[in-house]
Amino acid sequence: MRLASTKQDPVTFLSLIRQCIDTKSISDIMKVQTQIMKSGFLVGFGDKLIVGYIKCGGVVDARKLFDELPKRHIVTWNSMISTHIGHKRTKEAIGLYKKMILEGVFPDEYTFSSIFKGFSEMGSLREGQRAHGFSIILGLEASNVFVGSALVNMYSKFGQMRDAKLVSDRVVKRDVVLFTALIVGYSQHDEDREALAIFVSMINEGVKANEYTFASILIACGNVENLGNGKLIHGLIIKSGFESVVASQTSLLTMYSKCGLIDDSLKVFKRFANPNLVTWTSLIVGLVQNGKEEVALTKFRQMTRNSINPNAFTLSSVLRACSSIAMVEEGKQIHAIVTKHGLDRDTYCGAALVGLYGKCGSTEMARLIFDDIIELDVVSMNSMMYGYAQNGLGHEALELFNRMKDLGLQPNDATFVSVLLACNNAGLIEEGCQIFSSMKKNHNIELTRDHYACMADLLGRSGRLKEAEALIEQVRNPDVVLWRSLISACGIHGKVKMAERIKDKVLNLAPGDEGTHVLLSNIYASTGNWSQVIEMKTTMREMRLKKDPAMTWVDIDREVHTFMAGDWSHPRSKEILETLKELMERVKSVGYVPNTRFVLQNLEEEKKERSLYYHSEKLAIAFALWRTSNKTTSITIFKNLRVCGDCHNWIKYVSRVVNKEIISRDSKRFHHFKNGLCSCGDYW
DNA sequence: TTAGGGTTAG
């Protein structure tokens, strides 16, 4: 901008400022300001120059000039405050608010409409309440709906829904914005039914819902799985002409998936011409929640192919999908994407990664990620503790549990599932009992089935069978799984009579429960009670109950190889058999003795030994050792059932003679075999 | 010459 050097008049200055606003040029305003100051007009034009700076995005320059002005109009104060709030300069905004009061300028309805947001962003409830009091004194709380909405918002953010409601009740002319703010507040604080009630009263007051209201109320319907109302609102959206608004459609998609109608979510999704990141993420999350993890992963790939970059929300959800169905390799690929986006240290992604690595037995990797997370929360701590629990590292889990208290984090019900499981898997009986009894007393945690299951298993396995039974009887409707763990404990401690008594209880509950039949048959077999075994098996045949065949699989170079006991269909059977033979000789030479107690069939001793020889995990380990190079330091195998005592012992010897770590995930937990020892300490 | 609301995650 070129300025004429001749004398300038007020009209010219005004038009010059307007020109600067149009071209959004801060440097031009500075030139105009210099000119104005030279002409001695600053007092008259200060406010207008500030508006100019603000409109061009020059918050800092506006503030500089603002501080130089001897007198400022209330409008200028308000503009300064709202601009600072808008630019996330919350502290400065609150500073300005205090400064104006000190200088004797009273805040008005415009000031209050923006300043309350500042207090909620700063987390200063007390100061917010003080300002609220001031607005009441000035008669602005109830008379102006802008002020009222801002207050409702502030109290909602602080979770003070009672206060939010009280304010809203006092506001004279309530509009759709105020109602929406209240609905969102209730819904975000798990009071979705109240949110629905507010929606109804809004309609009754004759206030029309808009796309924002619809988006929020659908989330509330989804949260309480109120499909009926959700569908009604879907109809209202169509009637009100908001059918193509992205936000309300995304909420519609979420509502259907939360109500379990994932196909309807997919239908809604199909109508999007250009779904955005939030829409894609909502769909992916919905798929994961409805057990469609593979589809979720396909959608994720489709999304990235469409050049939409994932964020922490998307990636943490996809990672959860991978770990929930043990897609370890896919999970590792997603980890690479997380790293590429610099999100390893994000609370949500970090927690999901910890969960993934914990689940595949790499607690060390999980811990490395965990230690790097910038802001630890209950979930990330729970994930790490659960990882330790699954892998039998009880003391490590307890140490984190204590650290949680030091960090001032409130443990939740999931925390106790992890901690109790950790105690259970590590045989920390006293610690487990103590923590269990503290749950309600000291932490006000509602006991769930999972907590009881852990505790019953812990007591049962340690031989306190009567206590375990009494505990299960405390559960309102104890399920089959709970009782089965007690039967299995009876088996460990040779209490056949008690096992039979519990079996009758279970079969009354669920006559066709094959697990119970298998358990009993195994208990009879291990005590040499072969006639009973035959009877059990006949019953099972008659009832057409089938036992899951034991299976072990191993993932090598992204190819999964599955093995069953005595199954020689693998193309490399010859090599497997040779490796197995060699391994047997080596482990026997250092002390391994086959334990035929674990053969659950009535065979001659030598045949029993042969049958142990070909258990699926032995075949899988032999194959993995043959296929991988000598440099490989660890191999991981997966089993659908629990590992038998003989294989457990055998793998310990193998880990010693081949000098490698062998990680085995069975149906209940991980075992890390190293140098002839197992991480479970032979307690599982 | 100034002001308020919505959608996604463990």
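All values reported here derive from a predicted model rather than from experimental measurement. Chain letters run A, B, ... following the sequence lines, proteins first, then strands; residues in each count from 1.
The base of B:dG4 sits within donor-acceptor range of the side chain of A:Asp175, with an N or O pair under 3.5 Å. A donor and an acceptor atom never sit less than 3.5 Å apart when one is taken from the side chain of A:Ser113 and the other from the base of B:dG4.
Taking the side chain of A:Ile219 as heavy atoms from C-beta on, and the options B:dT7, B:dA9, B:dG10, the nearest nucleotide is B:dT7. Closest approach to the A:Asn210 side chain among B:dG5, B:dA9, B:dT2 is made by B:dG5 (side chain taken as heavy atoms from C-beta onward). Between B:dT2, B:dT7, B:dT1, one nucleotide has an atom nearer to the side chain of A:His73 than all others, and that is B:dT1. Across B:dT2, B:dA9, B:dG10, the shortest atom-to-atom separation from the side chain of A:Ala351 is found for B:dG10. For A:Phe146, the side-chain atoms get nearest to B:dA3 when compared with the rest of B:dT8, B:dT7, B:dA3. The side chain of A:Ser282 approaches B:dT8 more closely than any other nucleotide in the set B:dG4, B:dT7, B:dT8. The nucleotide whose nearest atom lies closest to any side-chain atom of A:Thr281 is, among B:dA9, B:dA3, B:dT8, B:dT8. Closest approach to the A:Ser79 side chain among B:dT2, B:dG5, B:dT7 is made by B:dT2 (side chain taken as heavy atoms from C-beta onward). Of the candidate nucleotides B:dG10, B:dT2, B:dT7, B:dG10 has the atom nearest to the side chain of A:Arg320. Listed candidates were B:dG5, B:dA3, B:dT8. Nearest to the side chain of A:Lys117 is B:dG5.
In this structure, a donor-acceptor pair under 3.5 Å is absent between the side chains of A:Asn311 and A:His341. A:Asn391 and A:Thr363 share no donor-acceptor pair across their side chains, judged by distance under 3.5 Å alone.
Among the heavy atoms of the strands lying under 4.0 Å from A:Asp377 is at least one base atom, whether or not backbone atoms are also near. Note on A:Val51: a base of the nucleic acid sits closer than 4.0 angstrom, heavy atoms only. Across all strands, A:Val246 comes closer than 4.0 Å to no nucleic acid atom at all (heavy-atom distances). As judged by a 4.0 angstrom heavy-atom cut-off over every strand, A:Val176 is placed among the base-contacting residues. Among the atoms of the strands shown, none is found under 4.0 Å from any heavy atom of A:Ile284. Here A:Val184 lies in heavy-atom contact (under 4.0 Å) with sugar-phosphate atoms only. Looking at heavy-atom distances under 4.0 Å, A:Thr347 makes contact with a base.
Distance CZ (A:Phe199) to P (B:dG5): 20 Å, rounded to an integer number of Å. One can place OH of A:Tyr256 at 17 Å from C1' of B:dT7, the figure rounded to the nearest angstrom. Here B:dT8 presents its C1' atom at 13 Å from CG of A:Asp346, a figure rounded to the nearest Å. As a whole-Å value, the separation of A:Leu253 CG from B:dA9 P is 11 Å. Rounded to an integer number of Å, the gap from A:Tyr386 OH to B:dG10 C1' is 14 Å. The distance between atom CG of A:Leu356 and atom P of B:dA9, rounded to the nearest whole Å, is 21 Å. Look at CZ on A:Phe313: it is 10 Å from P on B:dG10, rounded to the nearest Å. Across the protein-nucleic acid pair, A:Trp280 atom CH2 and B:dA9 atom P stand 17 Å apart, rounded to whole Å.
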Please report the C-alpha distance between A:Val59 and A:Arg89 in whole Å, then the side-chain angles of each, then the deciding distance to 0.1 Å, and finally whether the side-chain contact (heavy atoms from CB on, under 4.5 Å) criterion is met. CA-CA 9 Å; A:Val59 193; A:Arg89 295 173 170 267; 4.0 Å; yes
With salt bridge (Lys or Arg N to Asp or Glu O under 4.0 Å) as the criterion, how do A:Lys98 and A:Glu127 come out once you've worked through the C-alpha distance, each side chain's angles and the decisive distance to 0.1 Å? CA-CA 11 Å; A:Lys98 289 181 180 160; A:Glu127 279 193 85; 2.9 Å; yes
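A sub-4.0 Å separation between OP1 or OP2 of B:dT7 and a side-chain N or O of A:Gln188 is present.
A donor-acceptor pair under 3.5 Å links the side-chain atoms of A:Ser265 to the main chain of A:Leu253, judged by distance alone. Side-chain atoms of A:Ser380 come within 3.5 Å of backbone atoms of A:Asp377 as a donor-acceptor pair (strictly under, hydrogens ignored).
Put simply, A:Tyr212 does not rest on the base of B:dG5: the two rings are not both less than 5.5 Å apart at their centres and under 30° in tilt.
In terms of the salt bridge (charged side-chain N to carboxylate O under 4.0 Å, His left out) criterion, residue partners of A:Lys99 (sequence neighbours excluded) are, by chain and number, A:Glu103.
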